[in-house]
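Reminder, nothing fancy here: chain letters follow the sequence lines and each chain counts from 1. Quick caveat, the model's predicted, so the values are computed rather than measured.
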2 protein chains.
Amino acid sequence: MKQPTICPKFEKAISLLSQRWTALVIYQLLSGSQRFTEIQSAIGISGKVLSDRLKDLEHQGVVKRDVIPETPVIIEYSLTKKGYSLEPILREIESWSQLWVTPETELS
Amino acid sequence: MKQPTICPKFEKAISLLSQRWTALVIYQLLSGSQRFTEIQSAIGISGKVLSDRLKDLEHQGVVKRDVIPETPVIIEYSLTKKGYSLEPILREIESWSQLWVTPETELS
DNA sequence: TATACTTACTTACATAAAGTAACTATCTAT
DNA sequence: ATAGATAGTTACTTTATGTAAGTAAGTATA
């Protein structure tokens, strides 16, 4: 055990972002509040997993769920302040991808 | 279901980084080239998954595997230029985690 | 020589996570 | 009455990950 242990806060952040679909859901919500099926069709996630992720992100304070009392009722998901604070990370990934993701690696 | 509207390069980058352990392995290698067991003990990953990840990252051109012909042979893993180019992303995650990961969310 | 230890893995098996499709319940439009 | 949308849930299958043990080459100790 000679190696320094990785910072638990960093590890927690990584475990959030490296859960499948999570970063994509947050990225999608960066463009504004959206409904369940909008997110679903935009990123191609299954209803089951999206449901899980949104619940999880809501618990973590990243996403907010609003029930808008129209007829029929509209349920809107949006980012909290904490959620928007992740934007610089997503933008870094975005610009990295434009520079470094080549057609060949896209096929792998 | 409709076609996903997200940029394929971005999606590819996300699928790389949101694979479990990948970001942590890259982060670990930011501090310099390391051997298999060093990475393993530093981040607490199983040999099987580390083996998978390193092969995958090598294939993606992110990690380089060097065999150093000493006795016994030493196998060193390091980041390529492409690998180091991910540093800003990891640093963003690092600073985000310091600001936003609270003790409560650590327990979830 | 025999035994143990290290490194860099692989293999077999068990469990957890994700994908798929169908289903529910409420409301709206035709 | 029938069909379609919305926001999910449920049951089942497939894939990914975790755990533990094993392998093969080499070193060190007794």
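Across the protein-nucleic acid pair, B:Glu70 atom CD and C:dT7 atom P stand 14 Å apart, rounded to whole Å. As a whole-Å value, the separation of B:Ile74 CD1 from C:dT7 P is 10 Å. With rounding to whole Å, A:Arg35 atom CZ is found 10 Å from D:dG8 atom P. In this structure, the CD atom of B:Gln40 is 13 Å from the P atom of D:dA20, given to the nearest Å. Atom-to-atom, CG of A:Asp56 to C1' of C:dA18 comes out at 14 Å; the value is rounded to the nearest Å. For A:Asp52 and D:dG8, the CG to C1' distance is 11 Å, given to the nearest whole Å. Rounded to an integer number of Å, the gap from A:Leu50 CG to C:dA18 C1' is 13 Å. Note: CD1 (B:Ile43) to C1' (D:dG18) measures 14 Å, nearest angstrom.
At D:dG18, one or more side-chain N or O atoms of B:Trp21 fall inside 4.0 Å of OP1 or OP2 (strictly under the cut-off). Within the structure, every side-chain polar atom (N or O) of A:Lys48 is placed at least 4.0 Å from both OP1 and OP2 of D:dT13. OP1 or OP2 of C:dT10 has at least one side-chain nitrogen or oxygen of B:Ser51 nearer than 4.0 Å. Contact annotation: A:Thr71 side-chain N/O to C:dT28 OP1/OP2 distance is under 4.0 Å. One finds no side-chain N or O of A:Arg20 lying less than 4.0 angstrom from the OP1 or OP2 phosphate oxygen of C:dA17. For the pair A:Arg65 and D:dG8, the criterion of a side-chain N or O lying under 4.0 Å from OP1 or OP2 is met. The side chain of A:Tyr77 contributes an N or O atom lying less than 4.0 Å from OP1 or OP2 of D:dG8.
Residue A:Thr37 is in sugar-phosphate contact alone, with no base atom involved, counting any heavy-atom pair closer than 4.0 Å across all strands shown.
Here B:Glu94 pairs with B:Arg91 in a salt bridge; the nearest charged N to carboxylate O distance falls below 4.0 Å.
Comparing atom distances between the B:Ile75 side chain and each of C:dT7, D:dT6, C:dC9 picks out C:dC9 as nearest. In this structure, the nucleotide among D:dT9, D:dG18, C:dA8 sitting nearest to the side chain of B:Val49 is D:dG18.
Between the NZ atom in A:Lys64 and the CG atom in A:Leu79 there is a gap of 9.5 Å [rounded to 0.5 Å]. Distance check: A:Leu86 CG to A:Tyr27 OH gives 14.0 Å after rounding to the nearest 0.5 Å.
A donor-acceptor pair shorter than 3.5 Å can be found between the side chains of B:Gln60 and B:Lys12.
In this structure, the side chain of B:His59 does not engage the main chain of B:Lys55 through any donor-acceptor pair within 3.5 Å.
Between A:Glu76 and B:Arg53, it is A:Glu76 whose nearest contact on DNA chain D lies nearer the 5' terminus.
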